[in-house]
Amino acid sequence: WQEQGAKFLHLVDLDGAFEGVSPNTDLVRRICEALSIPVQLGGGIRDEETAHRWLDAGVARLIIGTLALEDPARFAALCHACPGRIGVSLDAENGRLKTRGWVGDTPYTVDDVVPRLAEDGAAFLVYTDIERDGMQTGVNVPALTHLARTSKVPVIAAGGISTGEDIAHFMELGASGVQMGSIFVTTQECDASETFKEVYIHSKSEDVLIIESPVGMPGRAIDGEFIHNVNSGLERPKSCSFHCIKTCDYTKSPYCIIKALYNAAKGNMKKGYAFAGSNAFLAEKISSVKEVMSTLEREFFLATHKLA
């Protein structure tokens with residue numbers, strides 16, 4: 001990825017997010033040592049000890065979500081202990097912020113918390129409008145514009161951003177950067193099977209759905225045979241050999257998520273499904289990361305000169 005032009009690498013520690021404890025420190029350290037570009041990491045960072053473990057492993061900056069809203073004192077202490085290296089992910093729905101992977105409600109609006117986050121020491125914000133992202137209608141322009149103009153720290157726009165023209169547009173509105181994911185799934189460097197990537201390429205906008213995971217968290221996926229079977233109750237597990245998520249009770253689960261994700265990655269789409277971003281259906285072909293980056297840069301250049 002670095003050789004293909006990536007300027008920053010974002011990692012998500014799913015073990016830490018679900019379990020609160022991560023076995024991935026050595027793996028992340030090896031990734032950081034192998035790269036000259038900075039690495040950013042999020043997932044399960046709830047105390048200073050965990051934060052320092054990642055920073056000592058070579059991570060350049062950390063993304064905090066739930067902790068920033070549910071435990072302000074601990075969040076402030078974390079920012080003060082790691083100045084300039086802590087960002088906050090803000091997910092909003094109908095003007096209200098959500099926590100715990102979109103399933104936790106809060107009484108707060110963005111305006112309620114952003115001044116305090118900046119005062120506590122947040123270095124930047126990543127903003128996603130869940131309602132817009134989930135409905136495939138793109139970034140909430142008025143909300144993003146307001147946040148970018150009122151925030152004292154940089155704002156990164158996330159969700160529903162697919163082109164260099166999109167990047168130029170949202171940076172013109174005040175965003176300092178954007179977060180993109182789905183566009184890189186259909187690259188040669190992505191280690192998912194070609195069958196998995198073809199699901200993206202052949203999908204339509206109406207195929208991208210919001211589904212509920214076995215632990216009750218929402219996710220976005222491309223519709224298919226497996227999801228239909230789940231909805232019909234045909235994929236309920238009879239036992240559990242993995243015990244991968246403490247909060248997953250296989251006796252109540254509609255399917256086994258680890259089997260579904262593994263099968264999909266290997267190309268067995270009858271027994272798995274493709275998680276996806278809101279604009280996954282825009283994928284047209286399998287290309288290299290370098291080609292994707294070059295296209296984005298060209299589109300961005302043309303759009304910025306048009307704006308000028």
Side-chain angles (χ1 to χ4, degrees), residues 1-91 99-101 113-114 117-128 151-159 161 175-185 187 189-191 217 244-245 275 277 289 293:
W1 285 70
Q2 176 177 281
E3 292 174 355
Q4 297 295 330
K7 307 300 183 184
F8 222 107
L9 182 67
H10 176 71
L11 301 176
V12 179
D13 178 31
L14 294 177
D15 292 293
F18 285 119
E19 305 292 346
V21 178
S22 176
N24 300 317
T25 305
D26 288 341
L27 173 60
V28 172
R29 179 180 289 108
R30 292 198 300 273
I31 291 173
C32 294
E33 290 174 348
L35 299 174
S36 59
I37 59 174
V39 173
Q40 170 181 291
L41 181 140
I45 304 165
R46 302 184 178 100
D47 53 53
E48 289 184 40
E49 180 182 358
T50 302
H52 282 296
R53 185 171 71 248
W54 289 126
L55 296 175
D56 291 343
V59 174
R61 63 187 191 183
L62 304 172
I63 302 290
I64 307 297
T66 299
L67 177 70
L69 299 181
E70 294 189 354
D71 196 336
R74 184 176 293 182
F75 173 74
L78 183 59
C79 289
H80 294 157
C82 311
R85 306 180 75 176
I86 306 297
V88 179
S89 178
L90 296 176
D91 303 316
T99 60
R100 301 183 180 276
V113 303
V114 167
L117 295 175
E119 184 177 337
D120 287 344
F124 60 96
L125 306 174
V126 180
Y127 177 73
T128 304
S151 174
K152 294 182 179 180
V153 298
V155 175
I156 298 172
I161 301 167
S176 297
V178 301
Q179 181 172 294
M180 306 172 74
S182 294
I183 193 172
F184 296 106
V185 172
T187 59
E189 289 79 3
C190 176
D191 62 0
M217 298 176 69
C244 58
I245 303 173
F275 269 127
V289 170
M293 295 297 293

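All residue numbers refer to positions in the sequence shown, counting from 1.
- Taking the side chain as every heavy atom from C-beta outward, C82 and L62 never approach each other to under 4.5 Å.
- In terms of heavy-atom proximity, W54 sits nearest to T25 at CZ3-CA, 3.7 Å.
- In this structure D26 satisfies the salt bridge (charged side-chain N to carboxylate O under 4.0 Å, His left out) test together with R29, sequence neighbours excluded.
- Checked against side-chain hydrogen bond (donor to acceptor under 3.5 Å, both in side chains), S176 has no partners two or more places apart in sequence or in another chain.
- Between atom CZ of residue R53 and atom CD1 of residue I45 there is a gap of 9.5 Å, rounded to the nearest 0.5 Å.
- In this view, A81 and E48, H52 satisfy the side chain to side chain contact (heavy atoms under 4.5 Å, CB included) rule, not counting sequence neighbours.
- Pairing each heavy atom of V59 with each of R85, the nearest pair is O-NH2, 2.9 Å.
- With sequence neighbours excluded, no residue satisfies ring pair (Phe, Tyr, Trp, His ring centres under 6.0 Å) with F124.
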Side-chain donor-acceptor contacts of residues 30-44 below 3.5 Å, not counting sequence neighbours, with atom names and distances?
| unit_1 | atom_1 | unit_2 | atom_2 | d |
| --- | --- | --- | --- | --- |
| S36 | OG | Q2 | OE1 | 3.2 |
| S36 | OG | Q2 | NE2 | 3.4 |
| Q40 | OE1 | R61 | NE | 2.6 |
| Q40 | OE1 | R61 | NH2 | 3.0 |
| Q40 | NE2 | H10 | ND1 | 2.9 |

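- Separation of atoms CD1 (I86) and CD1 (I64) is listed at 5.0 Å; rounding is to 0.5 Å.
- In terms of the side chain to side chain contact (heavy atoms under 4.5 Å, CB included) criterion, residue partners of S89 (sequence neighbours excluded) are, by chain and number, I63, D91.
- Listed by chain and number, the residues in a side chain to side chain contact (heavy atoms under 4.5 Å, CB included) with A123 amount to none (sequence neighbours excluded).
- Between A122 and F75 the shortest heavy-atom distance is CB-CZ, 4.1 Å.
- With rounding to the nearest 0.5 Å, the separation of CD1 in I183 from CD1 in I161 is 11.0 Å.
- Counting only residues at least two apart or in different chains, salt bridge (charged side-chain N to carboxylate O under 4.0 Å, His left out) contacts with residues 118-127 comprise R116-D120.
- With sequence neighbours excluded, the residues forming a side chain to side chain contact (heavy atoms under 4.5 Å, CB included) with Q179 are V126, I156, A158, listed by chain and number.
- Side-chain contact between L78 and L67: present, with at least one pair of heavy atoms (C-beta onward) separated by less than 4.5 Å.
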ask   = Do L90 and T128 pass the side-chain contact (heavy atoms from CB on, under 4.5 Å) test, and can you show the C-alpha distance, the side-chain angles, and the key distance before you say yes or no?
value = CA-CA 6 Å; L90 296 176; T128 304; over 6 Å; no
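- Under the salt bridge (charged side-chain N to carboxylate O under 4.0 Å, His left out) criterion, D71 pairs with R74, not counting sequence neighbours.
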